[in-house]
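Let me begin by presenting the structure, written as structure tokens, before commenting on it.
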Amino acid sequence: MAKPLAVYLHIPFCRQKCGYCDFLSFAGREDLFRPYLEALVQEIRLLAGERPPVATVYIGGGTPTLLSGEDLASLLQEVKAATWLDPAAEITVEANPGTVTLEQLRVLRAAGVNRLSIGAQAGQDKFLRLLGRSHTAAQTGATVAAARAAGFTNINLDLIYGLPGQAVAEWRESLEWAVALEPDHLSCYCLQLAPEVPLAKAIAAGHYRPVVEEEIVAMYYETLRILAQAGYEQYELANFARKGYECRHNLFYWEYRDYLGLGLGSHSFLSGERRVNEEDFPNYFAKVAAGEEPVAVREKIDAGRGMVEMVMLGLRLTKGLDAKEFFHRWRRDLRGFFSPRLEILLEKDFLRWEGDNCRLTPKGMLASNRVLVELLDVHL
Ligand code: SF4
């Protein structure tokens with residue numbers, strides 16, 4: 001039997017477009033909710049012939065919770081009908097505070113959704129306003145309480161640091177606020193802005209003070225310190241969990257395993273082929289209506305590129321990259337493939353071996369981008 005997949009379903013709708021966002025999502029397109037759901041169901045049904053085994057499902061966006069609990073539950077039902085969904089599958093829905101009700105969460109929980117990922121982003125309303133978010137910190141607290149009341153025992157909060165004008169003490173305050181909500185998992189990302197988004201333009205125009213590198217470093221160390229103290233284990237550069245609550249879906253990406261993306265603009269990685277779905281609605285609708293996979297781009301990943309990608313993703317994990325697994329997959333020795341750069345980075349204490357695993361040291365984690373560029377330079 002084929003290896004189980006991680007399945008991602010994209011819901012490309014939002015209440016309003018946040019000032020830092022370059023994800024594929026659209027505000028004010030309620031007219032497309034129904035046709036899009038119908039097309040997505042058609043795309044899911046294309047799987048019924050093969051019925052692949054599925055280990056995790058992630059409904060993300062966008063803002064999936066703009067759709068009703070019943071609509072999301074029926075998508076899940078379609079996945080169950082078209083695949084072999086593991087009865088113990090991790091099933092996540094992304095929820096934005098202010099867009100969810102207790103009733104809707106109860107419907108999701110009853111439909112088998114067992115993990116909720118909440119876009120909290122910051123604990124202070126002034127930063128939520130700056131980001132262009134449509135919710136308040138109090139609404140995040142209310143969403144967590146409603147999720148617990150609906151029976152969710154696996155809750156993630158997304159947070160962003162390095163916000164324009166943010167002091168290290170304010171980030172600390174956000175972390176402590178989030179910890180007090182007792183989530184099971186926290187994702188803490190440093191703000192990255194594409195040049196065309198409104199917040200990047202406002203910074204370029206001098207309306208906000210960008211955070212400097214030393215502050216980012218201090219914020220990262222505060223993240224490690226506060227979350228470790230609160231009992232969360234770092235398992236990936238930006239991800240922290242109570243024991244046993246690591247995100248199984250995202251581990252598929254970092255462990256370079258196969259995943260299938262369904263919906264507008266979704267990405268898949270299947271048997272060494274990367275696929276990207278159509279990114280505009282008319283093309284997506286037309287292909288699905290014709291009974292075709294709505295794929296716009298297919299790219300075969302050769303072994304050289306595959307090895308580089310596996311290293312780039314695997315080193316994000318604190319457990320690092322398993323050299324035996326690397327050999328099993330590519331029939332190449334990890335040390336040999338990256339020699340002599342690997343030895344240099346080991347000597348400089350950016351990387352370390354632990355048994356068969358090569359992993360970033362804390363110093364290496366902080367400079368992870370630079371370490372990867374140095375390591376992979378000859379192969380890029
Ligand atoms: S809610 Fe998320 S996907 Fe939607 S605009 Fe904001 S950041 Fe982008």
Side-chain angles (χ1 to χ4, degrees), residues 1-8 52-56 58 60 90 187 189 192 233-241 246-261 266-276 295 297-380:
M1 197 179 198
K3 284 190 188 155
L5 296 174
V7 169
Y8 173 82
V54 171
T56 68
Y58 194 107
E90 177 190 88
S187 297
Y189 286 98
Q192 306 280 347
E233 205 170 289
Q234 183 185 24
Y235 69 102
E236 194 267 349
L237 285 175
N239 284 277
F240 304 79
E246 297 81 8
C247 177
R248 280 155 51 197
H249 183 84
N250 286 345
L251 281 168
F252 267 75
Y253 302 138
W254 298 315
E255 290 175 350
Y256 209 49
R257 291 152 70 189
D258 284 8
Y259 55 86
L260 171 67
S266 289
H267 291 224
S268 303
F269 180 59
L270 298 164
S271 308
E273 185 181 77
R274 179 149 300 119
R275 299 181 193 170
V276 184
V295 177
V297 182
R298 292 175 192 269
E299 188 188 7
K300 210 77 201 142
I301 306 296
D302 64 25
R305 174 117 171 259
M307 285 188 272
V308 166
E309 289 184 354
M310 188 172 176
V311 170
M312 287 180 79
L313 292 163
L315 284 180
R316 295 189 61 91
L317 293 167
T318 52
K319 70 177 179 188
L321 187 72
D322 184 342
K324 277 198 304 215
E325 178 66 34
F326 186 89
F327 184 79
H328 177 74
R329 185 130 175 194
W330 307 109
R331 298 284 141 198
R332 288 289 298 268
D333 173 48
L334 184 64
R335 292 173 198 259
F337 186 66
F338 291 107
S339 187
R341 286 165 186 269
L342 188 65
E343 289 79 8
I344 297 168
L345 289 164
L346 287 162
E347 242 167 63
K348 288 187 186 164
D349 192 36
F350 284 115
L351 289 172
R352 173 180 304 157
W353 281 102
E354 262 167 34
D356 285 320
N357 282 32
C358 181
R359 47 167 295 196
L360 289 167
T361 60
K363 179 175 153 190
M365 283 208 164
L366 199 57
S368 61
N369 287 344
R370 248 173 291 151
V371 173
L372 287 171
V373 167
E374 268 197 47
L375 182 64
L376 303 172
D377 204 20
V378 276
H379 296 289
L380 287 175

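Computed from a predicted model, the values in this text were never measured in an experiment.
Residues passing the ring-ring contact (aromatic ring centres under 6.0 Å, His included) test with F252: none are found, sequence neighbours excluded. With sequence neighbours excluded, the residues satisfying salt bridge (Lys or Arg N to Asp or Glu O under 4.0 Å) with R305 are E299, E309. For D333, the salt bridge (Lys or Arg N to Asp or Glu O under 4.0 Å) test picks out no residue, with sequence neighbours left out. Scored by the side-chain contact (heavy atoms from CB on, under 4.5 Å) test, I344 finds K348 as partners (sequence neighbours excluded). In this structure, the side-chain contact (heavy atoms from CB on, under 4.5 Å) partners of R275, at least two apart in sequence or on a different chain, are S268, L270, E273, E293, V295, R298. With sequence neighbours excluded, no residue forms a side chain to side chain donor-acceptor pair (under 3.5 Å) with E347. For R335, there are no salt bridge (Lys or Arg N to Asp or Glu O under 4.0 Å) partners, not counting sequence neighbours. For Y253, the ring-ring contact (aromatic ring centres under 6.0 Å, His included) partners are H249, Y259, not counting sequence neighbours. Every residue meeting the salt bridge (Lys or Arg N to Asp or Glu O under 4.0 Å) condition with E233, not counting sequence neighbours, appears here in chain and number order: K243. Residues passing the side chain to side chain donor-acceptor pair (under 3.5 Å) test with D356 are K324, sequence neighbours excluded. Residues passing the side chain to side chain donor-acceptor pair (under 3.5 Å) test with Q234, sequence neighbours excluded: Y220.
Of the possible donor and acceptor atoms, none in the side chain of R316 sits under 3.5 Å from a partner among the backbone N and O of L237.
Side-chain contact between R257 and K3 is absent, with no heavy-atom pair separated by less than 4.5 Å.
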I'd like a table of donor-acceptor pairs (distance under 3.5 Å, sequence neighbours excluded) in which one partner is a side-chain atom from residues 364-372, with atom names and distances.
| unit_1 | atom_1 | unit_2 | atom_2 | d |
| --- | --- | --- | --- | --- |
| S368 | OG | M365 | O | 3.4 |

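Between A6 and T56, the shortest heavy-atom contact is CB-OG1, 3.2 Å.
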query: Going through the distances and angles, do F337 and W330 end up as a side-chain contact (heavy atoms from CB on, under 4.5 Å)?
result: CA-CA 11 Å; F337 186 66; W330 307 109; over 6 Å; no

